[in-house]
Amino acid sequence: MSRILVVCLVLLGVGCSLADPISRNEEIHVPKLDGRIVGGQDTNITAYPHQISMRYRGNHRCGGAIYRSNQIISAAHCVNTLTSPEDLTIVAGSSNIWFPTGPQQELAVREFIIHPKYRALYYDYDAAILILDGDFEFNDAVQPIELAKERPDHDTPVTVTGWGYTTEGGTLSDVLQEVSVNVVDNPNCKKAYPLTLTSRMLCAGAPGGGKDACQGDSGGPLVYNNTLLGIVSWGTGCAREKYPGVYCSVPDVSDWLEETLAEKESVGKIDFL
């Protein structure tokens with residue numbers, strides 16, 4: 001998840017510092033960039049062909065999901081500290097982030113667009129669009145995913161994937177991980193995050209903890225019925241009991257995503273008389 005290790009007392013007015021893009025929240029309930037799946041298992045990219053690795057100068061930074069051949073959906077916090085897309089690339093088509101397992105594809109990022117209402121303090125509206133310099137060639141390991149339109153009911157099983165930390169404070173996974181967690185409705189999730197949870201956020205976790213996204217998974221997909229339900233955003237620690245992972249709720253930002261992406265698709269098209 002994108003849980004940036006923000007060790008600060010925001011509510012008391014004390015300054016804070018953000019860890020690098022592979023980190024996540026500690027005791028203060030403020031988001032942080034994270035890294036990897038906890039309590040999951042190895043999986044193959046062909047089971048989740050929408051999954052990508054966002055690289056900064058060749059190093060894994062965040063996850064994301066393919067929406068169209070040249071469009072990626074990820075988290076705003078993964079790119080909001082960058083001044084330009086220079087040195088950002090998107091890698092698709094491989095289960096292993098360091099040693100390609102198949103016909104891996106890599107494209108440069110031409111532009112990124114952050115949700116205009118994104119607020120770094122609480123990671124509200126934590127969504128971003130990345131436009132690529134070129135198009136991915138679709139195959140069994142590289143495919144787009146559609147957006148979820150509605151939130152599923154409380155306790156519905158959903159799946160999160162990524163190469164993030166497998167334990168809190170651990171290291172990135174070489175192989176793509178998957179883990180099944182359950183939706184936690186916002187009234188219940190507010191027990192863990194009473195001051196920072198908004199209606200644009202969606203929570204998911206496992207009873208008793210032990211399963212979650214973590215540092216390095218930020219920006220990655222939470223999937224329900226083969227649709228993109230959430231974007232890994234933040235949380236307290238990783239897989240802690242009573243602290244579900246928090247995601248940007250795609251149904252609540254889908255209008256902005258679709259309108260912005262449609263505008264980008266229309267740019268450059270010429271009508272001949």
Side-chain angles (χ1 to χ4, degrees), residues 1-8 16-45 47-48 51-56 59-64 74-75 77-78 91 94-99 101 123 126 157-184 189 192-193 196 201-223 230-248:
M1 288 185 166
S2 147
R3 305 167 175 185
I4 297 178
L5 184 50
V6 179
V7 183
C8 63
C16 62
S17 61
L18 301 183
D20 83 324
I22 299 180
S23 54
R24 193 166 153 168
N25 280 356
E26 280 309 306
E27 300 304 329
I28 302 304
H29 301 164
V30 179
K32 58 181 178 179
L33 297 172
D34 332 322
R36 163 178 174 168
I37 300 295
V38 176
Q41 60 188 9
D42 290 358
T43 189
N44 193 286
I45 193 68
Y48 303 97
Q51 174 82 50
I52 60 87
S53 168
M54 183 192 303
R55 308 287 178 91
Y56 180 72
N59 295 312
H60 177 78
R61 181 178 180 87
C62 283
S74 189
H77 76 256
C78 288
V91 173
S94 177
S95 303
N96 192 303
I97 55 172
W98 309 125
F99 305 101
T101 55
Y123 288 54
D126 193 10
V158 290
T159 302
V160 60
T161 54
W163 290 276
Y165 294 4
T166 49
T167 59
E168 184 174 332
T171 57
L172 294 177
S173 172
D174 294 336
V175 179
L176 183 64
Q177 301 289 296
E178 64 174 350
V179 70
S180 178
V181 288
N182 292 4
V183 170
V184 178
C189 196
Y193 309 110
T196 52
M201 299 174 187
L202 181 151
C203 302
K211 296 181 178 182
D212 197 3
C214 194
Q215 284 91 317
D217 292 318
S218 291
L222 180 72
V223 175
I231 302 167
V232 177
S233 185
W234 62 278
T236 293
C238 299
R240 295 187 189 182
E241 185 178 4
K242 299 181 181 179
Y243 290 99
V246 184
Y247 301 76
C248 175

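All residue numbers refer to positions in the sequence shown, counting from 1.
Across all their heavy atoms, His60 and Ser53 have their closest contact at ND1-OG, 2.7 Å. Here the closest heavy-atom approach between residue Cys78 and residue Met54 is recorded as CB-CE, 4.0 Å. Nearest approach of Ser233 to Tyr123, heavy atoms of both residues: OG-CB, 3.9 Å. Minimum heavy-atom separation, Pro221 to Gln51: CD-OE1, 3.2 Å. Across every non-hydrogen atom of Cys214 and Val38, the tightest pair is CB-CG2, 3.8 Å.
With values rounded to the nearest 0.5 angstrom, Ser173 atom OG is found 8.0 Å from Asn96 atom CG. Note that CG of Asp174 is 6.5 Å distant from CD1 of Ile97, once rounded to the nearest 0.5 Å. If you take CZ on Arg61 and OG on Ser74, they are separated by 9.5 Å, rounding to the nearest 0.5 Å. To the nearest 0.5 Å, atoms CG (Asp126) and CE (Met201) are separated by 7.5 Å. Summarising the geometry, atom OG belonging to Ser95 is positioned 9.0 Å from atom CG belonging to Asp42; distances are rounded to the nearest 0.5 Å.
Judged purely by atom type and a 3.5 angstrom limit, Tyr193 uses its side chain to pair as donor or acceptor with the backbone of Thr236. Side-chain atoms of Thr161 never come within 3.5 Å of backbone atoms of Glu178 as a donor-acceptor pair (strictly under, hydrogens ignored). A donor-acceptor contact shorter than 3.5 Å is absent between the side chain of Glu241 and the backbone of Gly209. Side chain of Asp217 to backbone of Ile37: a donor-acceptor contact under 3.5 angstrom is found. Between the side chain of Arg55 and the main chain of Val91, no donor-acceptor pair closer than 3.5 Å is present.
Contact check for Tyr247 versus Val232: side-chain heavy atoms found under the 4.5 Å cut-off. Using a 4.5 Å cut-off on side-chain heavy atoms (C-beta onward), Gln41 and Val179 make no contact. Considering only heavy atoms from C-beta on, Lys211 stays 4.5 Å or farther from Ser180 through its side chain. The shortest side-chain heavy-atom distance between Ser94 and Ile45 does not fall under the 4.5 Å cut-off.
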Should Leu222 and Leu202 be marked as a side chain to side chain contact (heavy atoms under 4.5 Å, CB included) after you check the CA-CA gap, both sets of side-chain angles, and the distance that decides it?
CA-CA 10 Å; Leu222 180 72; Leu202 181 151; 3.7 Å; yes
Thr159 and Tyr48: side chain to side chain contact (heavy atoms under 4.5 Å, CB included), yes or no, with the steps?
CA-CA 10 Å; Thr159 302; Tyr48 303 97; 3.5 Å; yes
